[in-house]
S.K.: 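Pasting a structure here, questions to come.
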Amino acid sequence: GEIDREGKKYQISNIKYQKEIIMPESLRPTLQKPLGVVFKDVGAIRESPFFKSSKKPVLLIAVGDIIVDSLLKVGIDPDVKVIDFKSRRKRTDLFSGSVLIRTDLIRSVPNNPGTINLKTAEKLKQMIRQRSVLVSESTFKDGPYGSWLVVDGEEDLLALPAILFAPLGSLILYGHWEHGIISVEINENIKNKVREIIKKFN
């Protein structure tokens, strides 16, 4: 899932020294629409074919504090967890007492609201690649800490590079304040759709 059928890489930007790309307001209605299947709660997700069938997602990636917390509470530990210690831009203490995440072991990465920071997107890409290797080998040498991406700013739009960089057959879960939990099965169609969306960023 790193390249398309024409041999082109899935990437955020090829402009040298660009620090971030900015979402134009004209894209807001497009991004307010779910990119995948809508679930009202994690219980419904657990009953979905992805978790009921013998074939599990290549990787499970969750974006958003509420969705990550909800999954952990029902015993589902995503391979990559993207959080910003906020929910709807208000501070949350969901992970303040968690033994899974320690701020002295994890350095936060920047991502301003309404943007995708290119270094942060690259960090996410590296994490996804690393977790893919670890999952395929069934060994997590780095313990639980390598699965967390803590964002200083806002993590919402990082669902887009997560979709772009995830291996085919993976599952991306992200929260939507109006609809609930959005489940995106990674295939070529959704990768190409997201690539076209990202091309419209400034």
Side-chain angles (χ1 to χ4, degrees), residues 1-16 18-39 45 48-50 57-68 71 78-84 109-132 135 147 149 151 153-202:
E2 293 188 356
I3 60 173
D4 64 16
R5 290 180 179 269
E6 297 178 354
K8 296 178 182 178
K9 285 185 179 181
Y10 288 110
Q11 59 185 13
I12 301 295
S13 173
N14 57 6
I15 300 176
K16 204 171 184 180
Q18 187 175 12
K19 292 183 178 180
E20 63 183 18
I21 55 174
I22 302 170
M23 181 194 75
E25 279 301 311
S26 59
L27 265 184
R28 192 170 295 278
T30 299
L31 293 174
Q32 285 176 342
K33 298 175 183 177
L35 291 169
V37 179
V38 178
F39 291 93
I45 291 175
S48 68
F50 270 104
V58 175
L59 279 188
L60 177 61
I61 301 170
V63 180
D65 292 53
I66 300 296
I67 178 61
V68 169
L71 289 168
D79 300 298
V80 177
K81 299 173 276 287
V82 184
I83 63 170
D84 60 9
V109 291
N111 200 76
N112 292 322
T115 73
I116 297 175
N117 183 285
L118 299 188
K119 285 188 176 180
T120 296
E122 183 63 27
K123 172 68 175 176
L124 178 57
K125 180 180 180 180
Q126 292 170 2
M127 285 181 65
I128 290 171
R129 183 177 291 170
Q130 180 192 40
R131 302 307 281 186
S132 299
V135 168
S147 66
L149 184 69
V151 174
E154 191 174 284
E155 98 284 88
D156 297 25
L157 289 176
L158 293 178
L160 296 177
I163 292 169
L164 203 63
F165 298 140
L168 297 173
S170 297
L171 191 67
I172 308 291
L173 299 175
Y174 70 93
H176 191 292
W177 68 273
E178 186 177 9
H179 298 287
I181 301 168
I182 313 302
S183 171
V184 183
E185 181 181 353
I186 303 304
N187 54 40
E188 292 177 74
N189 288 338
I190 190 62
K191 279 180 174 279
N192 292 331
K193 180 178 180 178
V194 166
R195 178 162 60 183
E196 291 306 309
I197 289 173
I198 288 176
K199 282 181 181 179
K200 296 175 182 177
F201 278 55
N202 301 317

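The model shown is predicted, which means the values in this text are computed figures rather than measured ones.
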S.K.: Which ring-ring contact (aromatic ring centres under 6.0 Å, His included) pairs, counting each pair once, include a residue from residues 111-131, with sequence neighbours left out?
M.R.: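 Not a single pair qualifies under ring-ring contact (aromatic ring centres under 6.0 Å, His included).
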
S.K.: Report yes if the side chains of Ile186 and Ile172 come closer than 4.5 Å at any heavy-atom pair, otherwise no.
M.R.: yes

S.K.: With sequence neighbours left out, write down each residue that passes salt bridge (Lys or Arg N to Asp or Glu O under 4.0 Å) with Glu188, or none if nothing qualifies.
M.R.: Arg5

S.K.: Could you tell me which non-hydrogen atom of Gly114 sits nearest to which non-hydrogen atom of Leu157, and how far apart they are?
M.R.: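 Minimum heavy-atom contact is C-CD1, 3.5 Å.
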
S.K.: Is there a side-chain contact between Pro161 and Ile116 in this structure, where contact means two heavy atoms from C-beta onward sitting under 4.5 Å apart?
M.R.: yes

S.K.: Please check this pair: side chain of Gln18 against backbone of Glu20, looking for a donor-acceptor N/O pair closer than 3.5 Å.
M.R.: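 Indeed, once roles are kept as given, a pair shorter than 3.5 Å links the two residues.
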
S.K.: Taking all non-hydrogen atoms of both residues into account, name the closest pair between Leu59 and Ser132 and its distance.
M.R.: CD1-OG, 3.3 Å

S.K.: Could you pull out all residues at least two apart from Lys199 that satisfy salt bridge (Lys or Arg N to Asp or Glu O under 4.0 Å)?
M.R.: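 With neighbours one apart ignored, the set is Glu196.
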
S.K.: Between atom CD1 of Ile190 and atom OG of Ser170, what is the distance when rounded to the nearest 0.5 Å?
M.R.: 13.0 Å

S.K.: How would you list, by chain and number, every residue that makes a side-chain contact (heavy atoms from CB on, under 4.5 Å) with Glu6, sequence neighbours excluded?
M.R.: Asp4, Lys8

S.K.: So how far is it from Leu149 CG to Thr120 OG1, rounded to the nearest 0.5 Å?
M.R.: 7.0 Å

S.K.: Any non-hydrogen side-chain atom of Ile128 less than 4.5 Å from a side-chain atom of Leu124?
M.R.: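 A side-chain contact under 4.5 Å exists here.
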
S.K.: Between the side chains of Glu122 and Lys119, is the shortest nitrogen-to-carboxylate-oxygen separation below 4.0 Å, so that they form an ion pair?
M.R.: no

S.K.: Under a 3.5 Å distance rule, please check whether Asn111 uses its side chain to pair with a backbone N or O of Gly153 as donor and acceptor.
M.R.: no

S.K.: Can you tell which of Leu60, Leu171, Ile61 makes a side chain to side chain contact (heavy atoms under 4.5 Å, CB included) with Pro78?
M.R.: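 Running side chain to side chain contact (heavy atoms under 4.5 Å, CB included) over Leu60, Leu171, Ile61 with Pro78 returns exactly one hit, Leu60.
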
S.K.: Can you name the closest pair of heavy atoms from Ile12 and Ala121 and give their distance?
M.R.: CG1-CB, 4.1 Å

S.K.: Has the side chain of Lys191 got a donor or acceptor atom that lies under 3.5 Å from a matching backbone atom of Gly1?
M.R.: yes

S.K.: How long is the gap from NZ on Lys9 to CZ on Arg195, to the nearest 0.5 Å?
M.R.: 12.5 Å

S.K.: Look at the side chain of Ser147 and the backbone N and O of Lys81, then say whether any donor-acceptor pair between them is shorter than 3.5 Å.
M.R.: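 Not confirmed, Ser147 side chain does not pair with Lys81 backbone.
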
S.K.: Which pair of non-hydrogen atoms, one from Tyr174 and one from Lys33, has the smallest distance, and what is that distance?
M.R.: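 Closest pair (atom of Tyr174, atom of Lys33, distance): OH-O, 4.3 Å.
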
S.K.: For Glu154, what residues pass the side-chain contact (heavy atoms from CB on, under 4.5 Å) criterion, not counting sequence neighbours?
M.R.: Asp84, Arg89, Pro113, Asp156

S.K.: Taking it one step at a time, do Glu155 and Asp65 satisfy side-chain contact (heavy atoms from CB on, under 4.5 Å)?
M.R.: CA-CA 9 Å; Glu155 98 284 88; Asp65 292 53; 3.2 Å; yes

S.K.: Calculate, to the nearest 0.5 Å, the distance between atoms CG and NZ belonging to Leu118 and Lys19 respectively.
M.R.: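 Rounded to the nearest 0.5 Å, the CG-NZ separation comes out at 11.0 Å.
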
S.K.: As a quick check of understanding, evaluate side-chain contact (heavy atoms from CB on, under 4.5 Å) for Leu160 and Leu35, giving each step before the final call.
M.R.: CA-CA 10 Å; Leu160 296 177; Leu35 291 169; 3.9 Å; yes

S.K.: Just how far is it from atom CG of Asn192 to atom CD1 of Ile163, taken to the nearest 0.5 Å?
M.R.: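 Separation between the atoms: 12.5 Å.
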
S.K.: Does a side-chain heavy-atom distance below 4.5 Å link Gln11 with Lys125?
M.R.: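 Heavy-atom side-chain distance check fails, nothing below 4.5 Å.
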
S.K.: Rounded to the nearest 0.5 Å, what's the gap from CG on Leu168 to CG on Asn187? Could you check?
M.R.: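 Output value for this atom pair is 7.5 Å.
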
S.K.: Can you check side-chain contact (heavy atoms from CB on, under 4.5 Å) on Phe201 and Leu27, steps first, answer last?
M.R.: CA-CA 8 Å; Phe201 278 55; Leu27 265 184; 3.6 Å; yes

S.K.: Where is the tightest heavy-atom contact between Ile198 and Leu164, given as atom of each residue plus distance?
M.R.: CD1-CD2, 4.0 Å

S.K.: Measure across Val63 and Ile67 and return the closest heavy-atom pair with its distance rounded to 0.1 Å.
M.R.: O-CG2, 3.2 Å

S.K.: Before you tell me yes or no, could you show the steps for Asn117 and Lys123 under side-chain contact (heavy atoms from CB on, under 4.5 Å), namely the whole-Å CA-CA distance, both residues' side-chain angles and the distance that decides it to 0.1 Å?
M.R.: CA-CA 10 Å; Asn117 183 285; Lys123 172 68 175 176; over 6 Å; no

S.K.: According to side-chain hydrogen bond (donor to acceptor under 3.5 Å, both in side chains), who are the partners of Glu178, at least two apart in sequence or on a separate chain?
M.R.: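 Residues passing side-chain hydrogen bond (donor to acceptor under 3.5 Å, both in side chains) with Glu178: none at all.
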
